[in-house]
2 protein chains.
Amino acid sequence: MSAPTVYDVADRAGVSIATVSRVYRSPGSVRSETRDRVLKAARALGYVPSGSARGLASRSTGVLGLCFPDYADPDAEDSPANGDEEMLYSDEIIRGMERAARRRGYALLIAASLAGGPENLVAEVAGRVDGFAVLARTVPTESLEVISRRLPVVMLAGPREIDHLDHIEVANHDGQRELTRHLIGDHGYRRLAFVGGEAVSPDAEARFRGFRQACEEAGVEVPGQPDVRAEMTQAEGRRAAHALLDRPGEPPRAILFANDQMAVGALHALEERGTRVPDDIAVTGFDGIPLGRLVRPALTTVRQPMRRLGEEAVELLVQRLAAPKREPVSLVLPVTVMRRASCGCPDPQL
Amino acid sequence: MSAPTVYDVADRAGVSIATVSRVYRSPGSVRSETRDRVLKAARALGYVPSGSARGLASRSTGVLGLCFPDYADPDAEDSPANGDEEMLYSDEIIRGMERAARRRGYALLIAASLAGGPENLVAEVAGRVDGFAVLARTVPTESLEVISRRLPVVMLAGPREIDHLDHIEVANHDGQRELTRHLIGDHGYRRLAFVGGEAVSPDAEARFRGFRQACEEAGVEVPGQPDVRAEMTQAEGRRAAHALLDRPGEPPRAILFANDQMAVGALHALEERGTRVPDDIAVTGFDGIPLGRLVRPALTTVRQPMRRLGEEAVELLVQRLAAPKREPVSLVLPVTVMRRASCGCPDPQL
DNA sequence: CTGAAAGCGCTAACAG
DNA sequence: CTGTTAGCGCTTTCAG
């Protein structure tokens, strides 16, 4: 009545369970005649090997995992009008990991952290995989600390919170510096404002430092802190834009946002106010989300290679699985400045 | 030296392994003092419950699966220029399933079918999950036949190849009929050409039938077969467009493609020939892929609710898990005609 | 090349 | 509320 097991197959094929196991694990080590008999029996019975039993006995699952934050955007329901544009990081990372994992013979288990108890989430994933990647700030450091003692973990797109972990980040500093240089050097903007994230976001801070460096190099007045700090959402970006323009004194010629989401929000805010972008004020983001191409003007930004992030994550995991005690690795992936219309560059329009 | 188990935790906490298990499975059934002791020991040891052992003992994994075809597009590598636009079905379905699964307390295991041996793939997935969804034509019917005897399987976006399976499809027929009515009724086009898929694609066939019905209703001459059959890729769409225009006699006023990919290819072909879209020839697709919005002119199409497809898949699986012997369910999800520039409608330009 | 036997780490009755 | 006791289905030596 219940699912057939190796025993059922073995009985039917007139062999031992060990042989059934071998047929699946190392077909070469079984006489082809015997093998066929087993396979036939298996098919007749509808036998499907139990991954759990396999995992338990062999102490390895053949699965890699990914934990990412719950980006669920409450006001972005499945209306036909939107829906596409909200492909976020996680999707691209998932694609990258899925592809790489497949190449390496692994399956991919994905899980977004519930608002409720992320603690639980990691454990859940950790127990089912041979190793996994975590998007920065998805999982409490302490949980990771514990788990990473038992299992390869690679930290993605964030600082190495735990020093014995492999980790991959993108060139936040350099990217923002390049973009800023473009704004100053090519467009001649010198009245710049930077909208950062909360101070706890190392990415946003690195971007700010890149911004500062470019400013200093160009002899542009440099603020010690971002002009505004916000939560890195569209709503907050919008608010930041208003705040910046309502500020006494001359408005900035260009506003650099620490991410695309905020920049898009700002675009809306500026449109509401009748401020023209990029003629009155230039706007830039950071990340390279697809939405940035769909807004008008298209958003100039720094593109993070998220797909590659996912691929590299798998490579790192696979390597660490093979050499558990090798020194922790730290990769920095290059980014690309995407010049689009919102900074004053001509829009390639597709 | 190896990973700590319930035994280690039990020892350290001075309880039995059963109690350790209970602390995780039903915390309420353990005195809070005992529970704390166990939790403390677990933390100290770096204990992570083994999903495999759990799965084996409880005969359920808490994981749902998704098998989809390997859409990997060889010429679409991770260049910064593209990359976004290739979000295909699978991504949206993954998102939908992930969200729904999370709500239901499941994790999601995803696996694309290798070009090589898909047979293996399903078994791999099937052995590790409580149930899974399959995108149509990803897995050989016979494998599914066998596996679905043991495990809930829901077929996505295709015909119910196996009659005892739950399945979800979209309103291919109705969608194409609506779109065709729009072309005939609102734009007055009457010289229509339809580019279908290979005859084995039930989706494409259903769309063609919808097309025919609308034509008949309007008294427009109806071909018994698609004007061209192609492989539903951009390259083939391009070829189909050329073929249609090189055909003797008057060229069609509008070309309806059975999917967006082909339509996009055609757009390129027409541009090459200097044929204006929609002025000389209108073009429409089917699916609603993001790329359709990025091309110029933006592609008029029929949007499939892929995200919802994923969500419904999870619901169906959860329901079937709860009631294994209920009658197989078959859902048809509604689609939406997206009127954009390529059919002659004004482009909302975002 | 094949079989026998010993677990892998956990859950699930069943007692207490 | 907690402990005992069987397995869950498969891999893996170790013999033969």
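Proteins come first, then strands; the chains are lettered A, B, ... in the order of their sequence lines, and each starts at number 1.
In this structure, A:Asp8 and A:Tyr47 have side chains that are not in contact, with every pair of non-hydrogen atoms separated by 4.5 Å or more.
Screening B:Val125, B:Ile147, B:Leu156, B:Val139 for a side-chain contact (heavy atoms from CB on, under 4.5 Å) with B:Val134, the sole residue that qualifies is B:Val139.
Along DNA chain D, the nucleotide closest to B:Ser16 and the one closest to A:Tyr24 are compared, and the more 5′ of them pairs with B:Ser16. When each of A:Arg37 and A:Ile17 is assigned the nucleotide of DNA chain C bearing its nearest heavy atom, the one mapping closer to the 5' terminus is A:Arg37.
Among the protein residues, A:Tyr7 comes within range of the nucleic acid bases, having at least one heavy atom under 4.0 Å from a base atom. Among the heavy atoms of the strands lying under 4.0 Å from B:Ser21 is at least one base atom, whether or not backbone atoms are also near. Residue-level contact check: A:Arg25 touches the backbone only, with heavy atoms under 4.0 Å from sugar-phosphate atoms and none from bases. Looking at heavy-atom distances under 4.0 Å, B:Val20 makes no contact with the nucleic acid at all. Note on A:Ser52: nothing from the nucleic acid sits closer than 4.0 angstrom, heavy atoms only.
Closest heavy-atom contact between B:Leu321 and B:Pro152: CD1-CG, 3.2 Å.
One finds the OG atom of B:Ser50 at 9.5 Å from the CZ atom of A:Arg59 (value rounded to the nearest 0.5 Å). Going from atom CD of A:Glu92 over to atom CG of A:Leu309 covers 10.0 Å, rounded to the nearest 0.5 Å.
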Before you tell me yes or no, could you show the steps for A:Arg104 and A:Glu315 under side chain to side chain contact (heavy atoms under 4.5 Å, CB included), namely the whole-Å CA-CA distance, both residues' side-chain angles and the distance that decides it to 0.1 Å? CA-CA 9 Å; A:Arg104 296 311 208 140; A:Glu315 293 311 317; 2.7 Å; yes
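Once you apply a 4.0 Å limit to the heavy atoms of chain A, the touched nucleotides of DNA chain C run 5' to 3' over C:dC1 to C:dG9. With a heavy-atom cut-off of 4.0 Å to chain B, the contacted part of DNA chain D has its first and last nucleotide at D:dC1 to D:dG9.
Comment: B:Arg102 engages B:Glu98 in a salt bridge, judged by a side-chain N to carboxylate O separation of less than 4.0 angstrom.
Pairs passing the salt bridge (Lys or Arg N to Asp or Glu O under 4.0 Å) check and including a residue from residues 152-166 of chain A, sequence neighbours excluded, read A:Asp166-A:Arg320.
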